[in-house]
Amino acid sequence: MKAAAFAYERPTDLNTALALIAKADGTTKIIAGGQSLGPMLNLRLVEPDTIIDISGLAELKRAERDGDELVIGACVTHGDVEDGRIPDVTRGAMQRVASAIAYRAVRNRGTIGGSLSHADPAADWVSSLSGLGARITLRSAAGVRNLPIENFITGALESALQPGEIVEAVRVPVMTPSAHWGYVKACRKIGEFAHAIAAVLIDPERATARVVLGALETAPIVLSDASALFGGRVTGDFKQHFDARVADAILIKAGVANAVDRHIHVAVLRRAINEAAA
Amino acid sequence: MIGLTVNTRPVKASVEPRTHLADFLRDNLNLTGTHLGCEHGVCGACTLLLDDMPARSCITYAVACDGARVTTIEGLDNDEIATELRAAFTREHALQCGYCTPGMLIAARDIVLRLPTSDEHSVRVGMSGNLCRCTGYVGIVRAVRTVIDQRRERGITPIPGGGRQALGPAGSGNATNPVVSETTARAAAKTETPDQISVAMAIPNFTPAKVFEDQFTVAFPPAKVFDMLGDVAQVAACLPGTSLIGTPTPERVEGMIRVKLGPISANFRGAARIERVPEDLTGRIVGMGSDQRSRSSTQGEIRYRLVPIEQGAATRVELSIGYSLKGMLAQIARDGLVRDLAARLTADFARNLDRHLSGVPVDGAADGSQDLNGVSLLIGLLRRRVQETIRRIWGR
Ligand SMILES: Cc1cc2nc3c(=O)[nH]c(=O)nc-3n(C[C@H](O)[C@H](O)[C@H](O)COP(=O)(O)OP(=O)(O)OC[C@H]3O[C@@H](n4cnc5c(N)ncnc54)[C@H](O)[C@@H]3O)c2cc1C
Ligand code: FES
Ligand code: FES
């Protein structure tokens, strides 16, 4: 249970890090909190020649408002969000998500950027940030690009991250005062990866509903206009209009063949909708 | 060379990058109070304080903590909360063998510090990252609750966030000097010696731990598809990442398949037995293989059935895929991730089969040069399928 030997590099500024990553080959890995990579290294499922530690980069450890978005550096931890060390633009939604990720000792090191880069379909930020309509900022020595989270996660442990790129930040839109949020995950044991996740962001005043069905076998299903789940129109009594058959049909079409799995996903969605309505 | 403050004492040491903090403390500093259980972050035995925050020392490398403050259970002898907790653990019979106890005390100290009240649910949630395999949790939970109650009664208020101000991983960012490795210090290239699989090895029947179904259609008649599935070399050519070893017979094949699961790439080498029933157009492939790198082994079974569709002009291939996975990979490869992988393999296979039957060359499959890559076409296909579905449901 010991990692195979690797060389270690710890740049102290982002540009140096990007230069190192730019010339890195397939046997180089970035490490942030190490809470996903560490287990894989110890189990020797991954044996990189070189590891570049980005956890010391001040540029990635800040959070600030930029217009209608909160820009959260990639190396901000789940614990930072849980403890309110960064500004809250989601009326507590991110804080509640963060506090239910893994365990305290893992949250104190695991980062938001690491979680998204790892792209585990069952990870909490993957679904919740898609639900919040967040974007991800990717930077390489050549430049920077922004993508909606749902375009970043392309499959199980697969993302749109290109060689030479790092996740620099996550941009979370300020939640409107009239928006309702619900986030529920099904776990058999606290802190384990979820078997089903639902995130809903419903704004009856604007008649909009955004729904994410996550912890599938692959990338989450993101419905940016989920009005069909509520009879075609999003109103204040959306909870009463929720149509589980539509949700079931969506899951079937997405390839969730097992009826029990679908039942769990629909039940979790219903709970998230109830939470949003409460 | 790294510098740490361990239990208030400055320590300087040169340490291999792969050494995790727990090993460093135990082996170099003889601080054996930090225990190791799972060594992959799950059990909590190795929990200690890093810059005063609880952290897993088994998945935190010592080099990454350069400049940090480390407090192990040995450093909490005179700590007020830890002293109260030790007394409560003794009183409530919160330990037997004591293996989990150092980690338990560190986790407990953190929630005593932070939780406003001692309600049982919050305490259980707060302690859920620490496993005890012999005492049970009743006494532990009771001990923690009493300490919280007593302190709140004494007017000691909780400290939200444990008092931390800095952002980022606990223990990070204390060192200001960059570390740049010399090329000579780079890890020596790892050589892989191939597994020795005996040709005579019998492939036993087995009961798969997991079974799932899949299907695809090909625009050719069942008889033609069945013939093609009988040609082992052709089948292998349609499976990306596969290469055959030796010459296959219609009943038996040996080979390798390289699969990629996120950052993990595994090279399974093994053998399979093939059974076919031409009368009902069904077949079965039972195989076993192992990946040396991840010290993992798998047994798998694929049953197929060909069903004529479109008046026999096309075929629906119904698959039942069963597998059991053992070893390190099984720790990471959850059911869902394996299914996603199998779905990708199946879709690539279906596409290649279709091409093959149409006489279009199958691109670089059999030489093993092309890994089964997750960002392959299929994900594109799947996503498109989902989007189309959603559009259909939404009537747009
Ligand atoms: C016991 C346990 C339980 C857990 N339970 C949950 C859970 O319930 N829900 C959940 O969501 N997560 C869970 N996790 C995972 C945890 O949230 C991790 O912290 C997170 O997935 C990875 O973050 P990290 O900073 O530790 O990344 P690392 O482990 O350092 O890196 C992960 C991957 O991302 C890459 N990477 C990291 N940062 C960047 C970057 N900025 N740019 C580009 N690539 C990068 C690395 O190269 C690596 O491939 C659990 C972990 C453990 C150990
Ligand atoms: S040994 Fe670190 S969590 Fe199990
Ligand atoms: S006291 Fe023995 S494992 Fe907890």
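Quick caveat: nothing in here was measured; it's all calculated off a predicted structure. First the proteins, then the strands, lettered A, B, ... as listed; each starts at 1.
When heavy atoms are compared at a cutoff of 4.5 Å, Leu49(B) does not approach chain A at all. Interface remark: Glu82(A) contributes side-chain atoms only to the contact with chain B (heavy atom separation under 4.5 Å). Using a 4.5 Å cut-off between heavy atoms, Asn177(B) touches chain A through backbone and side chain atoms alike. For Thr47(B), the part sitting under 4.5 Å from any heavy atom of chain A is the side chain, from C-beta outward, and nothing else. With a threshold of 4.5 angstrom between heavy atoms, Glu39(B) approaches chain A through its backbone and through its side chain. Contacts of Ile31(A) with chain B are made by side-chain atoms alone, with heavy-atom separations under 4.5 Å and no backbone atom involved. Only the side chain of Leu36(B) comes within contact range of chain A, with at least one heavy atom under 4.5 Å from a heavy atom of that chain. Looking at Phe212(B), there are no atoms closer than 4.5 Å to chain A (heavy atoms on both sides), in backbone or side chain. Heavy atoms closer than 4.5 Å to chain B are found in both the backbone and the side chain of Ala122(A).
The greatest number of non-hydrogen atom pairs below 4.5 Å with chain A, out of Val338(B), Val63(B), Asp51(B), Thr19(B), is found for Val63(B). In terms of non-hydrogen atom pairs under 4.5 Å with chain B, the most contact-rich of Ile190(A), Asp80(A), Thr77(A) is Asp80(A). Chain A forms more heavy-atom pairs under 4.5 Å with one residue of Gly41(B), Ala107(B), Ser128(B) than with any other, namely Ser128(B). With respect to chain A, the highest number of heavy-atom pairs below 4.5 Å among Asp66(B), Asn174(B), Val42(B), Leu50(B) belongs to Asp66(B). Between chain B and the residues Asp261(A), Thr111(A), Leu216(A), Asp120(A), the largest count of heavy-atom pairs under 4.5 Å involves Asp120(A). When Gln35(A), His195(A), Met40(A) are compared by the number of non-hydrogen pairs under 4.5 Å with chain B, Gln35(A) comes out ahead. Across Asp23(B), Leu48(B), Ile111(B), Ile106(B), the residue that shares the most heavy-atom pairs under 4.5 angstrom with chain A is Asp23(B). In terms of heavy-atom pairs under 4.5 angstrom with chain A, the leader among Gly44(B), Gly171(B), Gly129(B) is Gly129(B). The choice from Asp83(A), Thr16(A), Leu45(A), Thr12(A) that makes the most heavy-atom pairs within less than 4.5 Å of chain B is Leu45(A). Between chain B and the options Leu41(A), Ile51(A), Ile86(A), Val76(A), the largest number of non-hydrogen pairs under 4.5 Å is found for Leu41(A).
Between Pro121(A) and Leu337(B), the shortest heavy-atom distance links the atoms CD-CD2, 3.8 Å. The nearest pair of heavy atoms linking Arg109(A) to Ala64(B) is NH2-CB, 4.4 Å. For the residue pair Ser172(B) and Lys61(A), the shortest heavy atom distance occurs at OG-NZ, 2.9 Å. Across all their heavy atoms, Pro17(B) and Tyr8(A) have their closest contact at CB-CB, 3.6 Å. Smallest separation of non-hydrogen atoms from Pro169(B) and Gly33(A): CG-CA, 4.3 Å. Residue Pro263(B) comes nearest to Leu157(A) through the heavy atom pair CD-CD1, 4.4 Å, listed as atom of the first residue, atom of the second, then distance.
Summarising the geometry, atom CG belonging to Asn130(B) is positioned 13.0 Å from atom CZ belonging to Arg104(A); distances are rounded to the nearest 0.5 Å. The CZ atom of Arg10(A) lies 9.0 Å from the CD1 atom of Ile2(B); values are rounded to the nearest 0.5 Å. Atom CZ of Arg44(A) sits about 15.0 Å away from atom CD1 of Ile264(B), to the nearest 0.5 Å. Taking CZ from Arg339(B) and OG1 from Thr218(A), the interatomic distance works out to 13.5 Å, rounded to the nearest 0.5 Å. Here the CG-OG1 distance, from Asn108(A) to Thr60(B), works out to 10.0 Å after rounding to the nearest 0.5 Å.
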Show me, pair by pair, the donor-acceptor contacts under 3.5 angstrom made by side chains of residues 159-167 of chain B, not counting sequence neighbours?
unit_1    : atom_1 : unit_2    : atom_2 : d
Arg164(B) : NE     : Ala166(B) : O      : 3.2
Arg164(B) : NH2    : Gly168(B) : O      : 2.9

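Contact annotation for residues 52-60 of chain A against chain B (heavy-atom separation below 4.5 Å, listed by residue number): Asp53(A), Ser55(A), Gly56(A).
Annotation for Arg233(A): atom CZ does not count as buried by contact number, only 12 or fewer foreign heavy atoms lying within 6.0 Å. Under a cut-off of 6.0 angstrom, the local environment of NZ in Lys2(A) is crowded, with over 12 non-hydrogen atoms contributed by other residues, nucleotides or ligands.
Using a 4.0 Å cut-off between a side-chain N of Lys or Arg and a carboxylate O of Asp or Glu, Glu217(A) and Arg344(B) do not qualify as a salt bridge.
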